[in-house]
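Just so it is clear: chains get the letters A, B, ... in the order the sequence lines come, proteins before strands, and each one is counted from 1.
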Protein chains: 2
Amino acid sequence: MSRGWETIRADVLRRIQAREWGPGATIPTEEALSREFGCARATVSRALRDLAAAGVLERRRKAGTRVALAPVRRATLDIPLIRQEVERRGQSYSYRLLRDAVEVPPLPVSLHLRLPPQVPLRRLICLHFAGDQPFIHEDRWLNPAVIGGLRPDFAGQSANAWLVANVPFASGDITFCAEAATAADAAALSVPVGTPLFVVDRTTWTAQAAITRVRLAYAPGYRMHTTL
Amino acid sequence: MSRGWETIRADVLRRIQAREWGPGATIPTEEALSREFGCARATVSRALRDLAAAGVLERRRKAGTRVALAPVRRATLDIPLIRQEVERRGQSYSYRLLRDAVEVPPLPVSLHLRLPPQVPLRRLICLHFAGDQPFIHEDRWLNPAVIGGLRPDFAGQSANAWLVANVPFASGDITFCAEAATAADAAALSVPVGTPLFVVDRTTWTAQAAITRVRLAYAPGYRMHTTL
DNA sequence: TACACCGATATGTCTGCACATAATCCCGCC
DNA sequence: GGCGGGATTATGTGCAGACATATCGGTGTA
């Protein structure tokens with residue numbers, strides 16, 4: 001009858017979009033659909049599981065499978081390495097280290113990393129270039145307990161590349177927001193103080209402890225894009 | 001030996017994070033792993049497929065399964081309905097319609113919707129409140145071909161709610177960026193012109209045609225958050 | 001040397017079956 | 001009428017086997 005679970009997924013999605021099964025409605029059981037499509041239940045299950053992962057369906061044991069009420073719900077966005085993002089635009093990537101120091105971080109940083117206040121951390125500030133234009137102003141705090149002391153050598157790599165290659169990464173969180181350019185941002189990116197900048201704050205963790213907190217301030221005009 | 005494919009996924013992930021299999025390395029075949037874990041190949045396959053979907057592994061027929069070079073790569077973020085987002089903060093939601101007109105959109109909007117220039121569209125501008133504070137300034141263009149003419153009645157619902165309930169949605173794209181508050185943003189959100197605002201541009205499509213393009217300007221301080 | 005072809009191989013998918021698990025439904029009891 | 005507990009039921013997971021398909025690598029030929 002069909003040629004694989006993707007065909008079934010497409011057909012179920014078509015019926016939902018055609019309002020054959022409206023939002024909130026319960027759709028037929030896997031067993032009924034497998035009879036209709038002339039395939040094994042596992043094949044139907046695969047298709048429905050995929051739609052559930054995409055947020056189109058909601059499934060519960062015994063209760064059955066329902067069409068989600070709010071279809072526009074979940075987006076996956078790729079977070080490329082900065083170097084790759086620049087090179088994908090056909091520009092050459094480079095970066096310059098602006099500062100490498102050991103400092104006591106501001107209280108919010110200590111708290112977010114779940115470290116005691118007043119503990120000094122290594123702070124790296126650098127500037128990423130796309131061609132000869134400044135692209136991202138990066139301000140990073142590193143936990144010395146994870147990277148093996150306050151002043152290890154990254155062997156010529158950027159801190160990010162070194163971390164990716166050397167520290168087992170377990171989890172993290174990201175926030176996106178708009179901020180006015182600080183004096184440091186303004187100087188680094190060659191824009192007036194107060195210019196709206198797209199800012200990403202990222203914290204990563206091993207299973208036990210915080211690894212790093214980084215703030216990325218993108219040059220004006222940056223747009224993060226994804227499809228649904 | 002184990003208690004399900006999630007155990008296997010966890011163990012494979014652990015070995016990757018422990019650098020037992022470093023970035024770029026090829027891991028054992030499904031068949032070898034199934035022997036090691038004492039389970040069926042399908043069970044290992046399930047675990048590895050899931051890790052591949054999360055961006056941790058890369059798989060190719062015959063070539064085998066490799067550890068991805070850049071592990072921090074994919075984030076899924078939930079895009080709640082505005083009403084739900086406000087209510088989750090424990091504030092009461094309301095909205096006010098500021099404008100409902102038929103206008104010729106600016107050229108970039110026509111192009112992005114893949115409509116001929118100079119075709120008039122319905123434009124709705126409204127303001128979403130969290131409690132008594134303005135939260136989002138929304139500027140929406142609607143394709144009359146999809147909503148059944150230039151001036152249908154949304155029966156008291158917000159345009160978004162009406163669309164979710166009545167128009168079969170197929171695909172879309174989203175961009176996030178930082179913009180300076182326009183005069184209209186400033187008046188609506190009660191902030192000075194030029195204030196950095198987090199802006200979301202969303203376009204949705206049926207299988208055939210564009211449905212709507214909407215620009216959401218969030219009040220200052222908004223942060224979009226997700227975990228990895 | 002360069003290219004076309006072909007076998008080997010790892011993943012991709014499907015089937016048919018079985019049992020586990022969660023949640024609902026309904027029956028019987030108080 | 002209200003409530004507790006067990007039967008029912010739809011999904012979740014697992015297994016063994018089979019075939020499909022992409023692709024890597026090597027072999028033979030122009």
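With DNA chain D read from its 5' end, the first of the two nearest nucleotides for B:A40 and B:A63 is the one closest to B:A40. Nearest-nucleotide positions on DNA chain C place B:T29 closer to the 5' end than the other of B:A42 and B:T29.
Side chain of B:K62, nearest nucleotide from D:dT23, C:dT24, C:dA10: D:dT23. Listed nucleotides D:dC15, D:dG12, C:dT15 differ in distance to A:R41; the shortest reach to its side chain belongs to D:dG12. With C:dT15, C:dT13, D:dT11 as the choices, the nucleotide that has an atom nearest any side-chain atom of A:T65 turns out to be D:dT11. Checked against D:dG12, D:dT23, C:dG12, the side chain of B:R60 finds its nearest nucleotide in D:dT23. With C:dG12, C:dT15, D:dT13 as the candidates, the nucleotide lying closest to the side chain of B:E6 is D:dT13. Of the candidates D:dG12, C:dT15, C:dT13, the closest approach to any side-chain atom of B:S45 belongs to C:dT13. The side chain of B:R61 approaches D:dT21 more closely than any other nucleotide in the set D:dT21, D:dT11, C:dT13.
Atom pair A:R59:CZ and D:dT9:P shows a separation of 18 Å (rounding to whole Å applied). If you measure from atom CD of A:E58 to atom P of D:dA10, you get 19 Å, rounded to the nearest angstrom. In this structure, CD of A:E31 is placed 13 Å from C1' of C:dG16, rounded to the nearest angstrom. Between B:L48 atom CG and C:dT13 atom P the separation is 14 Å, expressed in whole Å. What separates CZ of A:R35 from P of C:dG16 is a distance of 14 Å, to the nearest Å. Note: CG (B:D50) to P (C:dT11) measures 16 Å, nearest angstrom.
Relative ring orientation between B:F135 and B:Y218 is described as perpendicular, the plane-to-plane angle rising above 60° on a 0-90° scale split at 30° and 60°.
Remark: A:T226 OG1 to B:F176 CZ distance equals 7.5 Å, nearest 0.5 Å.
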Legend entry - Residue pair B:D50, B:R46: steps toward the salt bridge (charged side-chain N to carboxylate O under 4.0 Å, His left out) verdict: CA-CA 6 Å; B:D50 199 67; B:R46 184 98 155 77; 5.1 Å; no
